[in-house]
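In this chain, numbering begins with 1 at the start of the sequence shown.
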Amino acid sequence: MDTRINQEANHEDEIDVLSCTVRSVIYCNEENGYAVLSVTDTDGAEQKMTGTFPYAWPGETITAYGHWGMHGTYGRQFEAESSERSTPEDERSMFSYLASGAVKGIGPVMAGQIVERFGKSALRVLEEEPMLLTEIRGISLNKAEKIAKEFRRQAGLKKLVLLLSASGIAPEYAVRLYRFFGENALELLKENPYLLTVDGIGAPFAAADRLAEELGIEDADPNRIRAGVTFVLRHNEHNGHCFIPWAKLCTAAAQQLQLEQGDIASVMEDMAEQGDLVRDPIAGQDACYLPDMYRAEKETAERISAMVRKLPETTLDLDQLIEECEAEQGMHFAEQQKQILRYALQNRILAVTGGPGTGKTTSLRAVLKLYDRLGLRTLLAAPTGRAAKRMTELTGAEAATIHRMLGAKLSEDSLELIFTKNAEDPLQCDALIIDECSMVDIRLMHALLKALPASARLMLVGDAAQLPAVGPGDVFSAILRSEAVPSVMLTEIFRQRESSRIVRNAHLINRGEHPNLSENAGDFFRLQRMQAGSVAETVVELCSTRLPKKMQIPPEEIQVLAPTRKGDCGTAALNRLLQAALNPPAPEKKERPVGDVIFREGDRLIQNRNDYNVLWKSADGSSGLGVFNGDIGLLKEINVEDQTMTVDFDGREATYDFESLGDLEHAWALTVHKSQGSEYRAVILALTDSSRRLLTRTVLYTAVTRARELLIMVGNENIAFRMIDNVAPSRRYNALRIRIREACGK
């Protein structure tokens, strides 16, 4: 029986084939190898071809497999899905190849001399006997070595592409492999195809498994088991886990690899001995971590403990400071808010949590004023761009995303995320206030604490009842539950928010009580719809006509939320309907199809992963790199000729190549998870039956608390009640709470 994982490849019934010779390279993205080529087919006709062709140059021959399509500027073109490439074999093609600048250091004149001297052996000489190049005038020994090195780099990369393409693996992984392993990449990959799955390469485990099978690698090969164990741990990080208990990890890996647990356990023990797996008995578990995750959790706890234990020195009169802050803000603080100010003065770290209307923002502003009076340089930050923008609006002080504040970027080899702000180059501040802390995962908190100066203060603000971070860990909740960090839970709803049914119902939901959803009044409405089709129809009507006309709320200030992407009322289906209603086709609007999705000028879009290479420019002339997961923008322009799209993210215009459009999706409708950290004037919540895992109290509470002025729940109220009753938390394996308590001597 075939024991490999997910070996079935999806093949079209009919694949077109184009055999051709490259005439010129119209466009090439060196990061991922995507290119637009002008080619000559076997009949001598000129064609346009797109696909992943790293280091494609004139003169080489390509047999490409894919489909013919139409392009707005270039007309009919071949869209290659895979290809077989070969270097030029005749002297004319070799000259075209070398004269084009394919090999750094060789121009047209030198190309002619090389081909004239060595004939059809010219490329073999470049790769195998570069010393012979010194026979040509103007080529020194040093230059010959540089030319050979560049040629071998290209040849090696093309061989990698050929090997991977034969197994249906995207050529972009060949680019990453070569950057990571250099000239040895091909031989190393043949010995261990699971190198494809290492951090920085990131190919799917199933792809490496398919290549391994074709190379004759045994099912129980230790490299396969190591990669399988690592895959299970990395996969579970996406489910929020920092570690997996030994027994569960062994079982899961055995199931994934379809091997005996004894085989898995033996390799896991070797991994632990060699430091590739950290085994640590903690929190009543035989915990297994990947080394980077273990360091992140352990060092985060140690740094928090150091901040708890080392108190700042102060001789200031706290009561007088509170009175001055009250006078400055024209209000009297509640006792809980005064406690926050006491903690802020007397401690280097504090955490503040509370639901809507309980005064988190007022407390944050008060602490900011307190820090100002202490003469502290204070930075403000939040996990998302929208949360940072809202923080700026509420405080009057500039706030940044945590990633931008830390100088997030890709390493020089583009294989890993690094932060320019760290222990060696810390943040220039005396205090740091972070909002929406429930969204911060363990990796980001670890990076943040490493970059925080040793003497600086830290205030963490958030709502622990909201959904936890998408990434691993449950950091904010763990800090609060440790009972080692000075913390205040705000519970009193202030009078100015008592009349808000959004606020009242949110607190009822959080307590597990069923609000009266038939009481349609104020800022909270329920439109009972029993069928998914009716729910979707009502949502579109609310966005396109009812709210804009009856309540003067424009569509751009309305956000549709749903618990899931799937189904007739999932965000994917709703976005198609909302695009048709809010941004229909028009002669003046350019479009770009990607699969079954059409991007159209005027669309509302969301970035669905952190991309540190996207260039953005602002109207004030400033520019930078990086667009982050959750950023929402407006599609301003599609440039068919340049094959780019420009998206305006709140004044920062970012340019995307067409091959990068998989990082974007429509944003009229978002999942509740995607909406975290944002607040909208009006929220329409589409509720239909879905997975019990998604229909939870936390999801409903998070959705309701995204609305600032109006919440309309469309669907069956019984689903809302089921969500309120569904409190079974999805357990996240992490030990931050225990580590903080132990480090603090609790």
Side-chain angles (χ1 to χ4, degrees), residues 28-35 51-57 60 82-87 102-105 123 126-128 130 145-218 221-231 233-234 267 270-271 274-277 290-292 409-418 612-613:
C28 184
N29 184 322
E30 292 189 5
E31 293 296 324
N32 55 27
Y34 176 84
T52 304
F53 302 104
Y55 302 108
W57 293 100
E60 71 170 301
S82 62
S83 64
E84 298 171 1
R85 300 168 61 183
S86 60
T87 53
V103 182
K104 190 174 181 180
L123 299 186
L126 261 65
E127 183 172 11
E128 299 175 7
E145 290 174 346
K146 288 182 178 179
I147 290 173
K149 183 178 180 181
E150 173 65 15
F151 183 79
R152 283 196 296 268
R153 182 171 70 92
Q154 293 188 28
L157 184 55
K158 289 177 181 178
K159 290 174 183 176
L160 275 173
V161 169
L162 184 62
L163 177 65
L164 296 185
S165 297
S167 298
I169 301 172
E172 65 191 70
Y173 295 114
V175 178
R176 299 180 193 175
L177 277 163
Y178 201 89
R179 283 181 182 160
F180 203 91
F181 297 108
E183 293 182 9
N184 297 323
L186 184 62
E187 293 308 314
L188 290 172
L189 187 65
K190 288 180 178 179
E191 293 175 9
N192 179 12
Y194 297 98
L195 292 176
L196 278 165
T197 66
V198 303
D199 293 340
I201 308 299
F205 181 84
D209 219 25
R210 187 164 60 246
L211 177 60
E213 183 181 28
E214 293 174 3
L215 292 173
I217 305 295
E218 295 292 331
D221 184 278
N223 286 325
R224 180 173 187 256
I225 296 175
R226 282 173 173 269
V229 169
T230 302
F231 167 79
L233 285 167
R234 286 286 185 233
V267 173
D270 290 341
M271 292 175 69
Q274 296 165 16
D276 297 326
L277 186 71
L290 289 173
D292 65 321
K409 67 175 188 177
L410 289 179
S411 57
E412 289 186 5
D413 58 11
S414 300
L415 294 176
E416 64 175 330
L417 171 66
I418 61 174
Y612 305 95
N613 283 327

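A salt bridge is defined here as a Lys NZ or Arg NE, NH1 or NH2 lying under 4.0 Å from an Asp or Glu carboxylate O, and Glu183 with Lys159 fails to meet this definition.
Of the inter-residue distances, the one linking Leu163 atom CG with Glu214 atom CD reads 8.5 Å to the nearest 0.5 angstrom. Note that the CE atom of Met271 and the OG1 atom of Thr230 stand 4.0 Å from one another [nearest 0.5 Å]. For the atom pair CG (Asp292) and CG (Leu290), the distance works out to 6.0 Å, reported to the nearest 0.5 Å.
Using a 4.5 Å cut-off on side-chain heavy atoms (C-beta onward), Asp276 and Val229 make no contact. Residues Leu189 and Leu215 fail the side-chain proximity criterion, which asks for heavy atoms closer than 4.5 Å. Residues Leu177 and Leu164 have side chains in contact (heavy-atom distance under 4.5 Å, counting atoms from C-beta outward). Under the 4.5 Å side-chain criterion, counting only non-hydrogen atoms from C-beta, Thr197 is not in contact with Arg234. Contact annotation: the side chain of Pro222 never approaches that of Asp270 to less than 4.5 Å [non-hydrogen atoms, C-beta and beyond].
Residues passing the side chain to side chain contact (heavy atoms under 4.5 Å, CB included) test with Glu128 are Arg124, sequence neighbours excluded. Under the rule for a side chain to side chain donor-acceptor pair (under 3.5 Å), the partners of Gln274 that lie at least two apart in sequence or sit in another chain are Arg226. Under the side chain to side chain donor-acceptor pair (under 3.5 Å) criterion, Lys190 pairs with no residue, sequence neighbours left out. By the side chain to side chain contact (heavy atoms under 4.5 Å, CB included) test, Glu191 pairs with Leu188, sequence neighbours left out. Partners of Glu145 under the side chain to side chain donor-acceptor pair (under 3.5 Å) rule, at least two apart in sequence or in another chain, do not exist in this structure. With sequence neighbours left out, the ring-ring contact (aromatic ring centres under 6.0 Å, His included) criterion links Phe231 to Phe205, His235.
Closest of all the heavy-atom pairs between Ile147 and Gly105 is CD1-O, 4.3 Å. Leu196 approaches Ile201 most closely through the heavy-atom pair O-CG2, 3.0 Å. Residues Phe181 and Leu195 come closest through the heavy atom pair CZ-CD2, 4.0 Å. Between Tyr178 and Ala185, the closest heavy-atom pair is CA-CB, 4.3 Å.
When only modelled atom types and interatomic distance are considered, Asp209 and Tyr194 share a side-chain donor-acceptor pair under 3.5 Å.
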